[in-house]
Amino acid sequence: MKEFQIGDVTERVIERADYPIETVRDILKDETVAVIGYGVQGKGQSLNLRDNGIRVIVGVRKGGKSWEEAIQDGWVPGETLFEIPEAVERGTIIAYLLSDAGQKEQWPVVRELLKEGDALYFSHGFSIVYKDLTGVVPPENVDVILVAPKGSGTTVRRYFLEGKGINASYAVYQDYTGRAEQRCIAMGFGIGSGFLFPTTFEKEVYSDLTGERGVLMGAIYGIWLAQYEVLREHGHSPTEAFNETVEEATQSLYPLIGEKGMDWMYANCSTTAQRGALDWYRRFYEVTKPVFEELYQKVVAGEETKRVLEANSRPDYREQLAKELREIRESEMWRAGEIVRSLRPERQKGD
């Protein structure tokens, strides 16, 4: 375990060396992990668990797209692939990885099939924290644990195959067996995490919903789009606007930030860029901080949760989602992006 002092806060981090895979297998040797759902997290986590030698089965609706995809990935109907009720019955750690709306819908079925001493595992605190809206209230005779990778299931899987481990947070909500924390940590490293950071269900979901709507996805795209449109309106070509808005950020500057931090990125840019960034970041900070505070308060109040559940439960949700994503994909900005990406150095052929 590593400890870091940041201001008046002591951070404790569990690293993979504390729980080598042999230890993880020993902790989970009598468990059957039933992964319910085969979306991006369900797919990535179940494949990593299987490759790490953990007994794992998958539970999804028979005949659907996820069922067929699971078969393509080597899960065998009647052996390691089952419909949801049977998978829950067979499992001792129930990895509840359906969508948030799907968890609400399937909870009455799952709730009745949980056995005393089972562990109910989440990768997002959503259903538990907003139980008044989801109805997900676990029985008292099960462990309730969380491991939340700091990235999509696709990244969880890719990092694992590359021999790396993604960071994840972990939490225990309910410890019935006295083994909840050990089960939780073992699952964290079983799915391929590199480091585990302690949190609570509440803090995980509040930070996650704020981050997704903020700098991770929502805010960053809004800022990109605003700058792109300003450049275009002032006569810059689509590819020039895209290069100066997205391409240079993702391919050059953001990797520098990820490598050694914001100050190092500044130090490796021109003096003109340094001065401009240092002068203007405060303006963006002043303008956006009130927006982030509004967002955080709506997350805590459950307004975002209510809206998500209502939208995702509509029968035409997938069709509407596809329409919204298609509009982004077919917009001028991202058509320019497709051209620019095709010209990246790794795609250029040698002489």
Side-chain angles (χ1 to χ4, degrees), residues 1-17 149-152 154-156 158-159 162-169 193-197 199 207-208 210-232 234 236-293 295-296 333-334 336-337 339-348:
M1 178 182 293
K2 291 183 180 292
E3 288 193 356
F4 304 91
Q5 191 70 31
I6 306 175
D8 60 351
V9 177
T10 301
E11 295 267 14
R12 293 179 175 84
V13 181
I14 301 175
E15 54 187 327
R16 191 151 48 184
K150 300 299 105 180
S152 76
T154 301
T155 308
V156 171
R158 185 175 71 243
Y159 275 25
E162 293 174 354
K164 300 183 291 188
I166 196 167
N167 290 341
S169 56
S193 302
F195 294 90
L196 294 177
F197 297 78
T199 188
S207 61
D208 190 74
T210 300
E212 290 169 346
R213 285 149 180 76
V215 296
L216 298 178
M217 297 173 68
I220 197 66
Y221 181 46
I223 292 171
W224 281 350
L225 186 58
Q227 177 172 302
Y228 178 88
E229 289 184 354
V230 166
L231 291 173
R232 289 287 292 121
H234 288 276
H236 298 268
S237 71
T239 54
E240 183 172 62
F242 188 87
N243 270 315
E244 293 298 333
T245 300
V246 179
E247 189 72 358
E248 186 172 354
T250 60
Q251 300 305 300
S252 176
L253 302 183
Y254 292 175
L256 295 179
I257 298 170
E259 186 177 349
K260 290 188 179 179
M262 184 67 73
D263 62 313
W264 196 74
M265 185 271 281
Y266 282 170
N268 282 273
C269 293
S270 71
T271 55
T272 301
Q274 291 168 4
R275 188 68 267 146
L278 290 170
D279 289 344
W280 274 88
Y281 89 81
R282 292 178 177 84
R283 177 71 186 279
F284 284 105
Y285 169 81
E286 292 166 358
V287 171
T288 60
K289 187 175 179 182
V291 179
F292 279 103
E293 181 62 31
L295 167 59
Y296 189 83
M333 178 176 174
W334 292 103
I339 293 171
V340 173
R341 288 195 301 273
S342 72
L343 301 175
R344 287 177 183 168
E346 67 269 19
R347 298 192 180 184
Q348 296 173 12

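Counting only heavy atoms from C-beta outward, the side chains of R16 and S193 never approach each other to under 4.5 Å. Inter-residue side-chain proximity for F242 and S237 is flagged as unmet; no heavy-atom pair is nearer than 4.5 Å. Counting only heavy atoms from C-beta outward, the side chains of M333 and V246 approach each other to under 4.5 Å.
When all heavy atoms are compared, the tightest approach of S342 to I339 is OG-O, 2.6 Å. In terms of heavy atoms, P149 sits closest to V156 at CB-CG2, 3.6 Å. Considering all non-hydrogen atoms of both residues, Y159 and G165 come closest at CD2-C, 4.1 Å. The minimum heavy-atom distance between K150 and S169, with the atom names listed, is NZ-OG, 3.6 Å. The two residues C269 and L253 come nearest to each other via the heavy atoms SG-CD2, 3.8 Å. Looking at every heavy atom in both residues, G214 comes nearest to F292 through CA-CE2, 3.6 Å.
One N or O on the side chain of R282 and one on the backbone of L278 form a donor-acceptor pair closer than 3.5 Å. For Q274 (side chain) and Y266 (main-chain N/O), a donor-acceptor pair under 3.5 Å exists by modelled atom type. Judged by distance alone, the side chain of T210 and the main-chain N or O of S207 form no donor-acceptor pair under 3.5 Å. Within the 3.5 Å criterion, the main-chain N or O of G7 finds a donor-acceptor partner in the side chain of Q5. A donor-acceptor pair under 3.5 Å links the side-chain atoms of S152 to the main chain of T155, judged by distance alone. Checked by atom type and distance alone, the side chain of E247 never pairs as donor or acceptor with a backbone atom of R344 at under 3.5 Å. No donor-acceptor pair under 3.5 Å is formed between the side chain of E212 and the backbone N or O of M217.
Rounded to the nearest 0.5 angstrom, R275 CZ and W280 CH2 are separated by 13.5 Å. Atom CG of L225 sits about 12.0 Å away from atom CD1 of I220, to the nearest 0.5 Å. Separating the CD atom in E244 from the CH2 atom in W224 is a distance of 14.0 Å, to the nearest 0.5 Å. To the nearest 0.5 Å, atom CZ of residue F197 and atom NZ of residue K2 are 11.0 Å apart. Put simply, OG1 on T288 and CD on E293 are 12.0 Å apart, with the number rounded to the nearest 0.5 Å. Distance CD/E240 to CG/L231: 7.5 Å, rounded to 0.5 Å.
Ring pair Y221/W334 is tilted by interplanar angle, where 30° to 60° counts as tilted.
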